[in-house]
S.K.: 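Structure incoming, see below.
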Amino acid sequence: MSPLNPSATPFLPAVTSLPTLPDASLTSTLDLLFEPSPDLHALALPTLRHISFDSYDHLIATLRESLLAIAASLTSDDDRKPLHNILGSHPRLGEPKKETLSEQSRKEQARLQEGKEEEREMLRGLNEEYERAFPGLRYVVFVNGRGRPEVMEDMRRRIERGDVREEEREGIRAMCDIAADRARKLLLASQEAASA
């Protein structure tokens, strides 16, 4: 058996094949779309086994609705831990140690790594402030090409809003927007590789 090529372009299996794939393939697919999270695996694997999806957008929308329904139904901080672990699987924005980032996160955050050290330090400080304001949560946003000033303005707005339940909802929506963007890019890369 040949070793995996770590520089190979990751790919998504055909969405219609998901119910037939082994758990390792399903968790790998989830990890590409979201970030590695045992709590997301536990939530999503039964869904991937029992629902046939016609697209990755359909799969992501289904998981978004499941997560939002779960968030709305939780009543205690202990019950919220798995949801917070799922949201916390995304790396902190502007994380200085690039080796801790998945390849997808590294590309998505590339613009946040640019610029002055003073701005990077401000972003690190805002991450810490956010996590103090919302214990157990991590700030999750679909960067989508926005630079550090726009992201920091959004982070400040959300800290000042001070609504932990809305943060959960906003984090879920952002995480799923990121996943949809990743799916689109991965599927495009697969099509380009197949036609080359």
Side-chain angles (χ1 to χ4, degrees), residues 9-13 15 18 26-45 47-48 53 55-71 82-114 123-124 126-127 130-131 134 136-159 161 164-191:
T9 302
F11 73 95
L12 294 173
V15 73
L18 293 178
L26 294 177
T27 58
S28 174
T29 299
L30 289 168
D31 293 351
L32 282 174
L33 294 173
F34 297 94
E35 287 290 324
S37 168
D39 289 297
L40 181 62
H41 299 162
L43 167 79
L45 285 179
T47 301
L48 298 180
F53 297 100
S55 69
Y56 274 98
D57 284 340
H58 180 206
L59 180 154
I60 293 163
T62 300
L63 292 179
R64 174 187 291 132
E65 293 309 311
S66 294
L67 288 166
L68 288 170
I70 289 167
L83 175 62
H84 289 194
N85 290 340
I86 291 169
L87 294 171
S89 67
H90 275 265
R92 287 177 185 88
L93 289 182
E95 187 74 32
K97 297 179 181 174
K98 292 185 180 184
E99 66 271 8
T100 65
L101 300 178
S102 68
E103 181 64 18
Q104 287 85 356
S105 287
R106 188 187 60 71
K107 288 177 183 175
E108 292 158 358
Q109 292 194 31
R111 286 196 60 204
L112 297 178
Q113 299 296 336
E114 300 168 356
L123 183 56
R124 282 191 287 276
L126 276 171
N127 275 313
Y130 180 92
E131 291 173 21
F134 305 110
L137 282 179
R138 182 165 294 158
Y139 174 77
V140 181
V141 69
F142 179 33
V143 174
N144 196 24
R146 290 184 282 180
R148 197 177 297 126
E150 296 92 343
V151 169
M152 290 192 303
E153 183 178 314
D154 180 66
M155 192 182 293
R156 171 62 55 210
R157 174 190 64 81
R158 288 168 59 177
I159 291 168
R161 179 175 60 198
V164 69
R165 302 304 167 239
E166 184 56 32
E167 280 308 301
E168 291 171 347
R169 291 186 292 271
E170 198 154 345
I172 290 165
R173 290 187 294 264
M175 181 181 76
C176 292
D177 289 345
I178 293 165
D181 186 62
R182 288 178 178 183
R184 183 185 58 77
K185 289 174 180 171
L186 289 166
L187 291 170
L188 182 62
S190 292
Q191 290 170 355

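Side chains included, hydrogens not; waters and symmetry mates left out as well; all remaining heavy atoms used.
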S.K.: Within a strict 4.5 Å, meaning less than it, do heavy atoms of the Leu63 and Leu33 side chains meet?
M.R.: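 Contact flag for Leu63/Leu33 side chains = no.
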
S.K.: Does Arg165 pair with Glu170 as a salt bridge, N-O distance under 4.0 Å?
M.R.: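 No salt bridge links Arg165 with Glu170.
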
S.K.: The test is side chain to side chain contact (heavy atoms under 4.5 Å, CB included); show your working for Thr47 and Leu59 and say whether it passes.
M.R.: CA-CA 9 Å; Thr47 301; Leu59 180 154; over 6 Å; no

S.K.: Between His84 and Asp39, is any side-chain donor less than 3.5 angstrom from a side-chain acceptor?
M.R.: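 No pair is found: no donor N or O on one side chain lies under 3.5 Å from an acceptor on the other.
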
S.K.: Say whether Glu167 and Tyr130, considering side chains only, have a donor N or O and an acceptor N or O under 3.5 Å apart.
M.R.: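 Side chains of Glu167 and Tyr130: pair found under 3.5 Å.
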
S.K.: Is the shortest heavy-atom distance from the side chain of Ile86 to the side chain of Glu35 under 4.5 Å?
M.R.: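 No, their side chains stay 4.5 Å or more apart.
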
S.K.: Flag the pair Arg146 and Glu153 as a salt bridge only when some basic side-chain nitrogen lies within less than 4.0 angstrom of an acidic carboxylate oxygen.
M.R.: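 Salt bridge: no.
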
S.K.: Regarding Arg184 and Asp57, does a basic nitrogen lie under 4.0 Å from an acidic carboxylate oxygen?
M.R.: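 Result for this pair is no, no salt bridge flagged.
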
S.K.: List the atom of Arg182, the atom of Asp31, and the distance in Å for their closest heavy-atom pair.
M.R.: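 Closest heavy-atom pair between Arg182 and Asp31: NH1-O, 4.3 Å.
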
S.K.: Does the pair Arg173/Glu168 count as a salt bridge with the N-to-O cut at 4.0 Å?
M.R.: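 Salt bridge flag = no for Glu168 with Arg173.
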
S.K.: How long is the span from the CG atom in Leu68 to the CZ atom in Arg169, to the nearest 0.5 Å?
M.R.: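 Between atom CG of Leu68 and atom CZ of Arg169 there are 8.5 Å.
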
S.K.: Less than 4.5 Å apart, side chain to side chain, heavy atoms only: is that true for Leu83 and Ile172?
M.R.: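 Yes. Closest side-chain heavy atoms under 4.5 Å.
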
S.K.: Taking the side chain as every heavy atom from C-beta outward, state whether Ser190 and Leu12 have any pair of such atoms under 4.5 Å apart.
M.R.: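 A side-chain contact is absent here, since even the closest heavy-atom pair is not under 4.5 Å.
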
S.K.: Would you check if Leu67 and Leu43 make a side-chain contact, meaning some heavy-atom pair closer than 4.5 Å?
M.R.: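 In contact.
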
S.K.: Out of the candidates Arg158, Glu131, His90, only one should pair with Tyr139 under the side chain to side chain contact (heavy atoms under 4.5 Å, CB included) rule; please name it.
M.R.: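 Filter result, single survivor: Arg158.
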
S.K.: Do Phe11 and Leu32 have side chains that approach each other closer than 4.5 Å (heavy atoms only, starting at C-beta)?
M.R.: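 No; the side chains remain at least 4.5 Å from each other.
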
S.K.: Can you check whether Phe134 reaches Leu87 side chain to side chain, under 4.5 Å on heavy atoms?
M.R.: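 Not touching, per the 4.5 Å side-chain cut-off.
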
S.K.: Out of curiosity, Arg138 CZ to Ser89 OG, how far, rounded to the nearest 0.5 Å?
M.R.: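 Answer rounded to 0.5 Å: 8.0 Å.
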
S.K.: Could you check if a side-chain atom of Phe34 sits within less than 4.5 angstrom of a side-chain atom of Cys176, using non-hydrogen atoms only?
M.R.: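 Yes, close enough: below the 4.5 Å cut-off.
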
S.K.: Please check this pair: side chain of Glu150 against backbone of Gly147, looking for a donor-acceptor N/O pair closer than 3.5 Å.
M.R.: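 Pair found, side chain donor or acceptor close to backbone of Gly147.
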
S.K.: Looking at Leu93, is its backbone amide N or carbonyl O close enough to the side chain of Asn127 to form a donor-acceptor pair, meaning the two atoms are under 3.5 Å apart?
M.R.: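 At least one qualifying donor-acceptor pair exists.
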
S.K.: What's the spacing between Leu123 CG and Arg148 CZ if we round to 0.5 Å?
M.R.: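 Interatomic distance, Leu123 CG to Arg148 CZ, rounded to 0.5 Å: 6.5 Å.
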
S.K.: What is the distance from atom CG of Asp177 to atom CD1 of Ile60, rounded to the nearest 0.5 Å?
M.R.: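 Rounded to the nearest 0.5 Å, the CG-CD1 separation comes to 9.5 Å.
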
S.K.: Drop me the distance from Ile178's CD1 to Asn144's CG, to the nearest 0.5 angstrom.
M.R.: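 It comes to 9.5 Å.
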
S.K.: Give, for atom CD of Gln191 and atom CG of Leu188, the distance between the pair rounded to the nearest 0.5 Å.
M.R.: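 Here the interatomic distance stands at 6.0 Å.
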
S.K.: Looking only at heavy atoms, what is the nearest atom pair of Leu26 and Leu18, with distance?
M.R.: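 Nearest pair, atom of Leu26 first, then Leu18: CD2-O, 3.4 Å.
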
